[in-house]
Amino acid sequence: MVLSVSGVVLLGLIVFLFFRKDGLKLSHALVCGLFGFFLAGTAVAPGIRAGSESLASLLGGLQL
């Protein structure tokens, strides 16, 4: 649950920055949000979730 909340916050921040700096239109952001919403209901969603969790654990294990 923590990963999905932080992922949503991170992606929301990226969309906000695109909107402010790169000219992302509100309609584009809405389409991206709807795409993500409908993608979550497909058979691809568990693979995306597993990939994002493994990427998060990889990044969390890095020692700088």
Quick one: [atom1] on [X] to [atom2] on [Y], what's the gap to the nearest 0.5 Å?
X: Ile48; Y: Thr42; atom1: CD1; atom2: OG1; value: 6.0 Å
X: Phe18; Y: Lys25; atom1: CZ; atom2: NZ; value: 16.0 Å
X: Leu59; Y: Ser52; atom1: CG; atom2: OG; value: 11.0 Å

Q) What closest approach, in Å, do Val15 and Ala29 show between heavy atoms, and which atom pair accounts for it? A) CG1-CB, 3.9 Å

Q.
Which heavy atom of Ala40 sits nearest to which heavy atom of Ala45, and what is that distance?
A. O-CB, 3.3 Å

Q. Should Leu34 and Leu39 be counted in the same cluster of Ile, Leu, Val, Met, Phe, Trp and Tyr side chains packed under 4.5 Å apart?
A. no

Q. Is it true that Leu30 and Phe37 fall in one hydrophobic cluster, defined by side-chain heavy atoms closer than 4.5 Å?
A. yes

